[in-house]
Amino acid sequence: MRMKPTVVQGDIINIKADVLIVGHLEDGGKRLGGALEAVDAVLGGEIASAIASKETEGKWKTVLTVRTNGRMQVNHVVVVGLGTKKTLTAERVRQAAGLGFKVAKSLRATSVATVLMGAGRGEQDPHSIAQAISEAFLLTNYQFDTWKKKDEASPNPLIKKATIVELVSTKCKSALAGCEDGTLFAEATIVARDLVNEAPSHMSPAELKRSAEQIAKKSTNVSLKVLDRVAAKKRGMNAFLAVAAGSTTEPYFLHLTYTPPKPSKKSIVLVGKGITFDSGGLSLKPADGMMTMKCDMAGAATGLGVFSALQALQPNMTVHGLIATCENMPSGSAYRPGDVVRAMNGTTIEVLNTDAEGRVTLADALSYATELQPNAIIDIATLTGACVVALGEEIVGVMTDNDKLAERTLEAAYVTGEAFWELPLYPGYDCLIESKVADVQNIGINRWGGALTAGLFLKKFVDATIPWMHLDIAGPAFAEREYLSYVPYGGTGAGVRTLLQLLKDYK
Ligand code: BES
Ligand code: ZN
Ligand code: ZN
């Protein structure tokens with residue numbers, strides 16, 4: 001059982017824990033103020049003198065650890081820099097808190113207390129700070145250890161207890177709500193992380209189906225429809241099934257539906273790319289390019305993470321979740337470069353590279369989404385290496401013709417602290433995917449603008465009248481190194497928190 005963070009009303013000075021984390025604003029003024037000042041007084045001015053000697057200045061991403069030697073009921077006080085008040089955001093607090101939790105872990109702490117860092121002089125609101133700290137705790141404390149020996153003494157044991165301490169009761173109340181939201185968002189993110197991190201031999205399409213079944217079973221207002229190969233064939237999903245053809249694992253088309261408690265005419269469709277392993281198929285990837293390709297179902301994982309939280313989030317609209325899941329493998333039955341397949345919406349695709357398989361499966365999933373006639377369609381996919389070249393490892397590529405949808409999404413991403421950036425669906429590049437023999441080809445005529453030609457390809461399978469947005473998470477879905485304190489190596493759950501925020505705010 002994963003430990004949830006809690007909020008308690010009380011004085012930080014009397015708190016019992018292994019480690020106490022407090023924030024330090026760079027330009028907080030002569031007096032330290034808040035929790036920092038109270039703690040400094042008990043520690044006989046030790047923090048103030050560390051500041052005077054410039055050991056710590058509250059600079060962003062810095063940390064100072066002080067032993068209390070029995071002067072408090074915590075063993076260590078960890079002072080994390082918050083940077084200047086002007087640059088302070090909830091996301092900065094999330095990262096600073098994550099750093100604090102990491103230091104606490106390295107001190108082998110099992111219980112950690114902290115305060116609403118930045119909600120005093122930093123003037124951030126208690127709800128978002130409590131949410132940020134709760135997310136930082138659960139996401140920093142996350143570990144994928146399914147395949148590790150259990151008796152092995154871990155170098156960094158997990159923190160079992162995290163408490164946010166606040167003196168003022170009104171702040172406590174909003175902090176409690178923020179803590180609950182943060183726990184919900186982080187746990188949904190962890191659902192996605194676990195799915196991505198599992199070995200691809202175990203995370204088969206059937207396993208993704210099982211995971212969807214579990215979510216539907218747990219939530220009374222979520223139902224699941226499954227199409228197997230035969231049923232998918234009947235629906236005309238030839239593009240999806242072409243990608244599945246090379247593998248011995250059975251493909252599945254998953255359709256989750258969340259129905260709000262109060263009936264609503266509004267509906268939104270989330271589509272997740274669900275390639276459980278992308279070898280490239282006959283257009284085989286080089287060995288290095290394959291090493292992280294268990295992450296190619298991260299879009300599906302994000303969708304499932306979101307669905308795991310919908311019962312609690314209760315958005316006021318119908319939400320559909322679509323996943324066309326299969327494995328992309330080379331074999332005697334695999335689809336070939338040169339093949340032409342007819343997608344569910346009648347559009348024919350010339351397959352010139354079997355490694356551009358995600359868009360081929362999404363062609364059918366988006367056609368199916370269009371038939372549902374929703375108010376919006378959002379697909380989320382580890383679609384192109386080109387997007388990683390364009391935006392780097394940390395940023396989600398956003399492509400849409402709908403300014404309103406883009407604006408809402410970027411606003412939600414700002415709140416959650418996830419980095420999203422818009423790329424153009426430049427119609428001038430449509431000619432790059434014109435096929436000589438079919439309606440469209442699945443790669444551009446050259447590699448330039450590869451993220452954009454992929455987006456333009458997807459657009460051909462959505463009705464122009466339905467607002468649609470494509471999210472390319474090829475970079476941020478899988479962290480090959482720990483670039484943020486609360487993002488450890490492996491599956492990140494990219495997009496889960498932002499999509500939940502978007503659904504929460506959606507009117
Ligand atoms: N799954 C990959 C994209 C990817 C790359 C995801 C790196 C995560 C990290 C996708 O199916 C793919 O192979 N795309 C090709 C497209 C090319 C053949 C046009 C690519 O990006 O090289
Ligand atoms: Zn591929
Ligand atoms: Zn792929």
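On a predicted model such as this, the values are computed, not experimentally measured, just so you know. Whatever order the structure lists ligands and atoms in, that order sets their numbers, starting from 1. Throughout, residue positions are numbered sequentially from 1 according to the sequence presented.
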Taking only heavy atoms of Thr382 into account, list the atoms of ligand 1 that are under 4.0 Å away from them.
1 (N), 2 (C), 3 (C), 6 (C)
Nearest to the Zn ion (ligand 2) - the N/O/S atom of Glu357, by atom name:
OE1
What protein heavy atom lies closest to atom 7 (C) of ligand 1? Include the residue and the distance to one decimal.
Met293 CE, 3.7 Å
Closest protein heavy atom (residue, atom, distance) for atom 10 (C) of ligand 1:
Leu383 O, 3.3 Å
Measuring to the Zn ion (ligand 3), does Ala356 have an N/O/S atom at a distance below 2.8 Å?
no
Under 3.5 Å donor-acceptor, Ser485 side chain and Gln95 backbone
yes
Is the contact between Val388 and ligand 1 made by the side chain, the backbone, both, or neither, using heavy atoms and a 4.0 Å cut-off?
neither
Main-chain N/O of Phe240 paired to Asp364 side chain as donor or acceptor, under 3.5 Å
yes
Between Glu393 and ligand 1, find which residue part has any heavy-atom pair under 4.0 Å and reply side chain, backbone, both or neither.
neither
Basic-acidic side-chain contact under 4.0 Å: Arg359, Asp379:
no
Test: Glu91 and Arg94 ion pair at under 4.0 Å:
yes
Give a yes/no on ligand 1: does Lys273 have at least one heavy atom closer than 4.0 angstrom to it?
yes
Would you mind finding which of Ile443, Asp296, Thr292, Thr354 brings a heavy atom closest to atom 1 (N) of ligand 1?
Asp296
Protein heavy atom at shortest distance from atom 12 (C) of ligand 1
Asp355 O, 3.2 Å
Using 2.8 Å as a strict upper limit, say whether an N, O or S atom of Asp355 approaches the Zn ion (ligand 3) that closely.
no
N/O separation below 3.5 Å, Asp278 to ligand 1
yes
Answer yes or no on whether Arg408 is positioned over the face of Tyr506, meaning its NZ or CZ is under 6.0 Å from the six-membered ring centre and within 45° of the axis.
yes
Residue of the set Phe185, Tyr486, Tyr142, Phe101 for which ring pair (Phe, Tyr, Trp, His ring centres under 6.0 Å) holds with Phe137
Phe101
Are the side chain of Asp439 and the backbone of Thr347 linked by a donor-acceptor contact shorter than 3.5 Å?
no
Which N/O/S atom belongs to Asp278 and is the closest one to the Zn ion (ligand 2)?
OD2
Run the salt-bridge test on Lys436 and Glu350 with the 4.0 Å N-O cut-off and return the result as yes or no.
no
Pick from Lys148, Lys105, Arg193: which one makes a side-chain contact (heavy atoms from CB on, under 4.5 Å) with Gln143?
Lys105
Under 4.0 Å from one or more heavy atoms of Ala474, ligand 1 contributes atoms 6 (C), 8 (C), 9 (C)
Quick one: report the N, O or S atom of Asp296 that is nearest to the Zn ion (ligand 3).
OD2
Can you check which of Arg359, Arg447, Glu357 brings a heavy atom nearest to atom 11 (O) of ligand 1?
Glu357
Within 45° of the ring axis of Phe253 and under 6.0 Å from its six-membered ring centre, is that where the NZ or CZ of Arg235 lies?
no
Is it the case that the side chain of Lys294 and the backbone of Asn197 share a donor-acceptor pair, with hydrogens and angles ignored and the cut-off at 3.5 Å?
yes
Which segment of Lys285 sits under 4.0 Å of ligand 1 when only heavy atoms are counted:
side chain
Just by distance, do the side chain of Gln373 and the backbone of Thr370 share a donor-acceptor pair under 3.5 Å?
yes
Is there any N or O on Asn353 that sits under 3.5 Å from an N or O of ligand 1?
no
Nearest-option assignment for atom 21 (O) of ligand 1, heavy atoms, candidates Gly385, Ala454, Ser279, Gly475:
Gly385
